[in-house]
Amino acid sequence: MVLAGAGSGKTRVIVHRIAHLIRELGVKPDRILAVTFTNKAAREMKERITSLLDDTSAARIAIGTFHSVCARILRREHRSLKLTSNFTIVTESEQHARVKRAVDTLNIPPDRMAPRQIVTRISNAKNRFQEPEKMLESAGFDLMQKWTARVYEIYQAQLEQDHALDFDDLIVKTVRLLEDNPLVRDAYQERYRYILVDEYQDTNHAQYRLISILSRRYRNVMVVGDDDQSIYRWRGAEISNILNFERDFPGARTVKLEQNYRSTQAILTTAAAMMENNRRRTGKKLVAVRSGGEKVMQVTLGSDREEAEFLAKELTGLHAREHREWSDFGILFRTNAQSRLIEESCLVAQIPFRVIGNTGFFNRKEVKDLFAYIRLALNPLDSASCLRILNTPRRGIGAATREMLMEKTGDRPMFRVLESLVEDRVFPGHKIGRIADFVRGVLEMEKITRTTDVPAFVRLMIERFGYREQFETEDTPESTASLEIIEEFVSAAEEFHRRTGDTLDKFCDYLALNQEQSSDRPGDVEEDQNTVSLLTLHNAKGLEFPVVFITGLEEGLCPCYRSLSDLTEDDLEEERRIVYVGMTRAMQKLFLLSAQRRFRAGKQTDSKPSRFLMELPEKTLERINLQGARTRRARPVSFRDSDAPAVKMSHPFSGNDFRRGDRVVHKRWGTGTVIDLKGRGPEAKITVSFDRAGRKKLLLGPSRLFKMT
DNA sequence: TTGGTTCTCATTTTT
DNA sequence: TGAGAACCAA
């Protein structure tokens, strides 16, 4: 076990050990398994190993996330699991849909049970290998838990019928496979003789079991982690995995890495002082290699808007005065909702930026639909996918017909039932044509899943089912957006094909397991372009920036809680770790921002400064109060007054004062000129000719269009 | 069945 | 604020 403090070269250790194993000890690359927490980390690790060794041996090492590694094993071993090799991987959004349907069938008073909560409870149970029956037994008089257990039972039964696995199943079923099946177990224990796990502090119980069983024979495991950076408890991560490592793997040796190569001493001292307030930790002494450094700035702003304006001004200032690259800056926030204002203010100030993390691409209806089509073609047993696209595009199958169909389906595969119903001409004459055509379409597509490359398949599919036509017939901003998403989906397929050349089923896995997908706006910014990064504190893990801004350090937001009473001690410690992760991303400059008013959940709220700010030592800190919007007259921040332009955001739709000829800037399309305008208020529709992207019709409301000042 | 509207309600992080 | 459900009219 390597206990590696922030910035101590964690990943480097893993990469170099792998190189050492192969080069010095002559270990065959395919006997090494390296598990990371995110796909991005896996890619990075692969790259770094490639640069140390050669392409071919690097390619033979099994590197991936727990989920992707398990998916690969399960596909290979599907026979032992009574699964088709084409089993579906259920994404989170679909997990919700499935749970909701299960809740509906149970006649549970819906107000008592938030599907979101049920999902987490089910997930927790799964990760502890608890079956629905066990859960029901142990629920006792806990009514909510009882309901959850019954939902769980239906949910799980339906997954099995559909030959579908959710994220938790991927791990849990792999563990079961290895436990129940000596031959398979032997094979994988042999195969993965050397196991390396990154971010061990974020593993959950099932993942621990997986590592434990795989390593049982050769006992060659190296885990790397930092208990102070454990920030995924809500997802089942158990910090005890790292705290109990020496007990769980007798004879283990622990190495501590306590030299920090990233941050200045000032930054580190500040972060460390805050962490002193946590109790459950191993205790490391991180020492900065870079002594001294500028003081950490703690800035208080009047409102969230002022915070955003301050950011833009500060970025511009540092860019001009200190000749910083835009990519030197990381702006961190606790919740995704916070990024909106910041994006807007960067837009107005013409600062190139990029939002790292979930883009919502996968939440788009179009993406879910197309994904469901592909999955049904690959796995016609997947009734959930069938149900999703049954009436998309419209085929005249509404609620009543759907009910009827579901009734007849029972626990058989819906698509098969549909086939036979068409055969028996159960549907009324005026509908049967379209329904039969749908069935034929799926069957046709099913035939060519193996023989057609991914982009061709996707295009053919869109064509065959008339998925595009439904949007082409109208010319509204919404339909334009839909068409764009469809295009984006096609490009994703092309991109996948170009990079991997893999088959359709691999594309499905890729879509399900790579939901991260970073966004590049405005325009088409390439991956490593020079942009400011906007990201959540969680997404910041593993990254570093010369200058870091942590925003929204306020009670309720960071630490994040709904009501003080449900903030447990453990929750609070995790929140502190989350902030700690953020602070330790900074190499040279660290800004801690808080606002006194913030627009939250549709309301203006007063907020108090985060308690974490009170835990910081004064000697490495400079506190500045800039409340009252007069950022321009403000005392010295990092730049003495400004050659930075004043950034003042115009309210999105307050000024419905767009006129023909106005120069505007759009989140996605960049700069352009207004050429037409219809309607008033947030409903107004506007036509803009963009300099690079051409003419677009936009809905003024959600389009995020700003007048350039 | 579909399209449109209004209403309400909850707001964390993501493989 | 924005998503989803519930409701209503054609």
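Side-chain atoms are counted along with the backbone in the values below, which use heavy atoms only and exclude waters and symmetry mates. It should be emphasised that the depicted structure is a prediction, and the values quoted were computed from it without experimental measurement. A note on names: the letters A, B, ... follow the listed sequences, proteins ahead of strands, and every chain is numbered from 1.
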With the side chain defined as heavy atoms from C-beta on, A:Lys100 is closest, among C:dA5, B:dT12, B:dT14, to C:dA5
Could you state the CG-C1' distance from A:Asn514 to B:dT14, rounded to the nearest angstrom?
-> 13 Å
Counting distance only, does the side-chain N/O of A:Gln207 pair as donor-acceptor with the main-chain N or O of A:Phe66 below 3.5 Å?
-> no
What's the NZ-P distance between A:Lys365 and C:dG4, to the nearest Å?
-> 12 Å
Ignoring hydrogens and angles, tell me if any N or O in the side chain of A:Arg585 forms a donor-acceptor pair with the backbone of A:Leu543 under 3.5 Å.
-> yes
With no hydrogens and no angle check, is any side-chain donor or acceptor of A:Thr605 less than 3.5 Å from a backbone partner on A:Arg598?
-> yes
Is there a donor on the side chain of A:Arg334 or the base of B:dT13 sitting less than 3.5 Å from an acceptor on the other?
-> yes
What orientation do A:Tyr467 and A:Phe471 show, parallel under 30°, tilted 30 to 60°, or perpendicular over 60°?
-> perpendicular
Of the listed B:dT13, C:dT1, B:dT15, the closest approach to the A:Thr536 side chain comes from B:dT13
Between A:Asn39 and B:dT15, does any side-chain N or O lie under 4.0 Å from OP1 or OP2?
-> no
What parts of residues 66-75 of chain A reach DNA chain B, counting only heavy atoms under 4.0 Å away?
-> A:His67
Nearest nucleotide by nearest heavy atom, which residue falls closer to the 5' end of DNA chain B, A:Phe167 or A:Lys603?
-> A:Lys603
Is A:Arg116 near enough to B:dT11 that one of its side-chain N or O atoms lies under 4.0 angstrom from OP1 or OP2?
-> yes
If you measure from the Lys or Arg side-chain nitrogens to the Asp or Glu carboxylate oxygens, is any gap between A:Arg340 and A:Glu344 under 4.0 Å?
-> yes
Could you go through the side chain to side chain donor-acceptor pair (under 3.5 Å) check for A:Glu555 and A:Tyr561 one step at a time?
-> CA-CA 8 Å; A:Glu555 280 297 300; A:Tyr561 53 84; 2.6 Å; yes
Rounded interatomic separation in angstrom, taking CD1 from A:Ile231 and P from B:dT15 | 11 Å
Identify whether any heavy atom of A:Glu92 sits under 4.0 Å from a base atom; if not, whether one sits that close to sugar-phosphate; answer base, sugar-phosphate or nothing.
-> base
B:dT14, B:dT15, B:dT12: which one has an atom nearest the side-chain heavy atoms of A:Asn539?
-> B:dT14
Value in whole Å for how far the C1' atom of B:dT11 lies from CZ of A:Phe599 | 13 Å
Determine yes or no for a side-chain-to-main-chain donor-acceptor pair under 3.5 angstrom, with A:Asp226 supplying the side chain and A:Asp228 the backbone.
-> yes
To the nearest angstrom, the CG-C1' distance between A:Leu537 and B:dT14 comes to 14 Å
Could you tell me whether the side chain of A:Trp234 has a donor or acceptor atom within less than 3.5 Å of a complementary atom in the base of B:dT12?
-> no
Can you tell me if A:Thr500 uses its side chain to pair, donor with acceptor, with the backbone of A:Asp502 under 3.5 Å?
-> yes
Select base, sugar-phosphate, or nothing to describe what A:Phe37 touches, counting heavy atoms under 4.0 Å on all strands.
-> sugar-phosphate
For the side chain of A:Arg340, starting at C-beta, report the closest nucleotide among C:dT1, B:dT15, B:dT14.
-> C:dT1
Below 3.5 Å is the cut-off: list the nitrogen or oxygen pairs between protein and nucleotides 1-6 of chain B, distance only.
unit_1, atom_1, unit_2, atom_2, d
B:dT1, OP1, A:Gly398, N, 3.1
B:dT1, OP1, A:Thr401, N, 3.4
B:dT1, OP1, A:Thr401, OG1, 2.2
B:dT1, OP2, A:Ala400, N, 2.9
B:dT2, OP1, A:Gly396, N, 3.3
B:dT2, OP2, A:Asn391, ND2, 3.1
B:dG3, OP2, A:Arg394, NH1, 2.6

Rounded distance (nearest 0.5 Å) linking atom OG1 of A:Thr401 with atom CZ of A:Arg395 | 13.0 Å
P atom, C:dG4 versus B:dT13: distance in rounded Å?
-> 15 Å
For the side chain of A:Gln338 and the backbone of A:Arg334, is there at least one donor-acceptor N/O pair under 3.5 Å apart?
-> yes
Do A:Asn278 side-chain atoms and A:Arg280 backbone N/O form a donor-acceptor pair below 3.5 Å?
-> no
Spacing between A:Asp168 atom CG and B:dT15 atom C1', to the nearest angstrom | 9 Å
Just how far, in rounded Å, is P of C:dG2 from CG of A:Asn363?
-> 15 Å
Answer yes or no: does a side-chain N or O of A:Asn336 lie under 4.0 Å from OP1 or OP2 of B:dT14?
-> yes
Quick one: A:Leu557 CG to B:dT13 C1', roughly how many Å, whole number?
-> 12 Å
Using the C1' atom on both, measure B:dT12 against C:dA5 and round to a whole Å.
-> 23 Å
